[in-house]
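Report on the following structure.
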Amino acid sequence: MIENLTLLEKAAMLSGKNIWESRAIPRHGVPSLFMSDGPHGVRKQLGSADHLGINASQKATCFPTAATVANSWDPALAEQIGEALGEEAASLEVDVLLGPGLNIKRSPLCGRNFEYFSEDPYLAGKMAAGYVRGIQSQGVAATPKHFAVNSQELRRMTTDSVLDERTLREIYLTAFEIVVREAEPRALMTSYNLVNGVYANENTFLLQKVLRDEWGFDGAVITDWGGGNDAVEGARAGSAIEMPSPGLDSVRQLVAAVQNGSLPEAELDARVTEVIELALAFRNPLDPVAPLDVAGHHRLAEHAAEQSIVLLKNDGGPSGGGLLPLAPGTRVAVIGDFAESPRYQGAGSSLVNPTRLTTTLDAIGATELELVDFARGFDRHGADDESLAAAAVLAAQSSDVVLLYLGLDEISESEGLDRSDMRMAPNQLALLGRLRAVNPNIVVVLSAGSAVEIPWLDDCAALVHGYLAGQAGAAALLNVITGAVNPSGKLAETYPIRHEDSPAFRYFPGTERTAEYREGPYVGYRYYDTANVPVRFPFGFGLSYTEFAYSDLTVTDTAVSFTVANTGPVDGAEIAQLYIGRTGPGVHRPAKELKGFVKVPLAAGEQRVVTIPLDDKAFRHFDIASDAWQVETAEYTVHVGASIADIRLTGTLAVQGTIAPITPAVPGPYDTASITDVSDADFAALLGREIPPAHWTPGPLGINDALCQMRDAKSPLAKLAYRILHRMLKKSEAAHKPDLNLLFLFNMPFRAIAKMTNGAVSLHMVEAILLIVNGHFVRGAGGLLRASLRNRRANAQTRKALQATA
Ligand code: BGC
C-alpha cells in the first residue's frame, strides 16, 4: 500500500482533516479515523466541534471519573468499564477513544487530577491497563494520555518539565510502561509540554528509545490537540498524527523535508504504516453497530461508583460502633446543593452528556430512609446566604440524621486551570458548624475529584467520599449509606493535613518557562511516609462495615502469600496492599513503594489465602550509571497492609540483585527525603546538569511563547489584546464558570494559531503576527497580507494535487 501512495498522500496522512478525523485515502481503501474523548464516557460531537467540552455532544454513559474508579483498586472493574466505553464508542462509530488519562498526581492542585488515577504509578498503570484492554476488546483503539510528565494545567502547552531521569523513569513513565507492555494500546497521545527541553511530541528519547525500543510499542502516536510544534521533528521522533487539523502547511513541510533530504522517506513511511495499521486493524466499518445499552451501562456506572466510594470516618451511632449504615426508617434531612445538582464529573474535554442523571433527591425514594426535609443549605459557589443556612438548621433540628452533601464547585476542577488551594468553600464549612450545634449525627457526603483539606473532620460523625461518581453516583452513595453495599474503596492518593505539607508545595506550578520537579521521586505517600509527615488520610486508606484480619505471611523469591479473614458481622471486600522497601544503605529511595495489591471479597467469617506475585518492578530502581534498571543485592522488607500507614504483616527477603548497593558519598536531601526546599546545587546535582532558566527573558516574543506573554509585549495593540483577554478571564472566574476557550487562548503559544485553524493561518502568517506583537506594525501587517495570499495559493495547489491522485 505504501508503495502506491505518493509522497504528498503520505504526508497528508500525518495530520487531521478536521477537529476529530484523520485524512482518508479512499483510492487505497484507507478510511479516516474518527477520534473522540474520552476517559470516562464518549464525547462524540456532531455539530460545532471543539476540544474543550464546550459544545454539545451525543448522549453517552458518564461513568465515574478515573480518580474515582482508582479507589476501587480493581483492574477487572476498570476492564468492564473499558468494555462498555468501547461498546459505546463502536455504537457511535468512534474508532479511537482518547483515553484513559494516567498522569501522576504530583500536586493535589492539578486541575485535571479528577481525570487521572493516582499519585502512584503502579496503581495508575494497572488501572489504565484494565481500561485499555476493555476498550480494545470492542474493536476500538484506546489512547493512553498524556505522555509524559504533564502534571499541571498552567501553561501546559509551553512549560518544560525539568526532572532527573530516575524520577522520570520510576514515577512518571512506569505507569505508561505498565499500560503499554500489559495492554498494548494501539495509540498513545503525547502531552503538550516539553520534557527536559524537548517537546514530548518530538522527544526521541521518549518516543523512540523508551516507548518503542524498550517497551515494544507498535501503535500510532497522536499529538494532543494543538500540541504539534514542528511537524517534521514530530514525524522524525515517532509521532504519527498531528491533531486536530494543522492544515496543509504541515503537509507541505513534510514533503519539503523529504525532498531536501532532512527527513528520510523511510521515517515518513514508518509513520504512515502506523496510521494505516491503526485504520485497518479494528472495527470493520461495514459491521452493523449495536445500539447503546443505556440501562445496562447506567447500572454498570452505579456498580462502578459503589465499588469506588471511600468511607473515611464512621463514629457515633447508637452503640458507638458507627453511625453508618443507617437503619430502615431512619428520619433523615438531606442538606446541600449537591444533593439536588450533583457534581459527578469535571470540566473540559472529558465532559460527557449523560444518558441519565440520578440525583440524591430522585434516588432516596428507592431506599427505606424517611426523608424528613430537604434544604439546599448553601450557594455552591461560595456566596453567603443566611436564608438557605437558616432553613438547613431547621431541617437538621427536625431529623435524626443529617446527610450533608458538600463538595467542590465546577470551577475548582477543570482542564486548563489548576486550583490555588485545597480548601473547601467557607460557607459550606460554616454551615457544617451550625448544623453540628443542633444535631451531632451528621454524615458528610463529599463530591470532589481531588484531595481537599479536612480540618473539619471532628464536626461530622461520618464521612463518605464519592469523588466524582458519574451519572448514577447518587444512588450508589445511598446504597453505601444504607448498607445495601458495604464500602470497600480505598484512597488512591494521600490527603495531607494542609496543602503546605505536600512535597511539591514550593515548586508547583511552574509559572513561566519550566516546571521544576525538585522533590524528585518523593511524590505523594513516598514523601509523607519516608519523611514521617503526619497526614489526614494516608494512601490506601478506607473503612468498611466489617473488619479484616491479616495473618500467616510467607515470602518467597517470586511471591508473597498471606491470609485475610473477614472477622466482622457482614460480607465485604478488603484491598490488601504490598509495599517494599530496602533495609540497609543504598541508592536513595522511598521507605516503602507499592508493588502489588489485591481486592479480596469475603463473606462474614470467611478467610482466604491470597498470593501477590513479586514482579519485575518489585525491587528495581533505574540506575543512571549503567543507564538500565538494576536490582541492588540487599535485604528488602516486605510490608503487607490495609494502607501505607496500617501495615499488618512484615517480612524480609534477601535478594540477589544485579548490582551491589550504591552508597551515596554524602547524604543529601534525597537520601533523607528532606525535599521541601531543595537548593539549586542539590537539584542540579540530581539532574546531572545545570538547571535551565526558569523565567521568561525580556525581548521579542517567538512562536513558542504564550499569548499571555503579550502583557510585556512592545506593541500597544498586543498589550491591549492581553488586557482584554485577562479581563475576560477574571470575569469568568468571578462568575465561577471556567471559560475553557479563553483559558486555552491565554496559555497557548503563538504557533497554535496556525496549528488549530485548519490551514487558514500558516506558520509564516504567525511569524508576521509576531512582528506586529513585537512592535513592527507596518512590516508585520505587510508580511501578514503577503503570507496570507501565499498560504491561500499554496493551499489551493496542494488541495488540487491531492485531488488529482484521489
Ligand atoms: C486535551 C486532551 C483531549 C483533546 C481532545 C485536549 O485539550 O488535553 O486530553 O483528548 O483536547 O479533546
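The basis for the numbers below is simple: all heavy atoms, side chains too, and nothing from hydrogens, waters or symmetry mates. For ligands, and for the atoms within them, numbers begin at 1 and follow the listed sequence.
Relative to the six-membered ring of Y199, R751 meets both conditions, a distance below 6.0 Å and an angle of at most 45° to the axis. Geometrically, R106 engages Y517 in a cation-pi contact defined by less than 6.0 Å to the ring centre and at most 45° from the axis.
The R112 neighbourhood of ligand 1 comprises atoms 1 (C), 2 (C), 8 (O), 9 (O), with distances under 4.0 Å to a heavy atom of that residue. Short contacts between ligand 1 and K145, defined as distances under 4.0 Å to a heavy atom of the residue, involve ligand atoms 2 (C), 3 (C), 9 (O), 10 (O). Residue-ligand proximity, H146 to ligand 1, at heavy-atom distances under 4.0 Å covers atoms 2 (C), 8 (O), 9 (O). Of all the atoms in ligand 1, the ones that sit under 4.0 Å from a non-hydrogen atom of R43 are 12 (O). Near W20, the atoms of ligand 1 lying under 4.0 angstrom from a non-hydrogen atom of the residue are 5 (C), 12 (O). Within ligand 1, counting atoms from 1 as listed, the ones closer than 4.0 Å to a heavy atom of M189 are 10 (O).
Residues D418 and E153 come closest through the heavy atom pair OD1-N, 2.9 Å. Annotation for K105 and E119: closest pair O-CB, 3.7 Å, computed over non-hydrogen atoms.
Ligand 1 has a nitrogen or oxygen under 3.5 angstrom from a nitrogen or oxygen of E415.
Aromatic ring centres of F147 and F217: separated by at least 6.0 Å.
In summary, the side chains of S450 and E413 do present a donor paired with an acceptor at a separation below 3.5 Å, with no hydrogens or angles considered.
Between H146 and Y116, the two ring planes are perpendicular [angle over 60°; tilted spans 30° to 60°].
Of the protein's non-hydrogen atoms, D224 OD1, 3.2 Å is the one closest to atom 2 (C) of ligand 1. Nearest protein neighbour of atom 10 (O) of ligand 1, counting heavy atoms only, is D37 OD1, 2.6 Å.
Using 4.0 Å as the threshold, Y192 has a heavy atom nearer than that to some atom of ligand 1. Between M243 and ligand 1 there is no heavy-atom distance shorter than 4.0 Å.
Legend: residues meeting side chain to side chain donor-acceptor pair (under 3.5 Å) with N758, ordered by chain and number and at least two apart, are absent.
When heavy-atom distances to ligand 1 are checked against a 4.0 Å cut-off, R156 comes that close only through its side chain, counted from C-beta outward.
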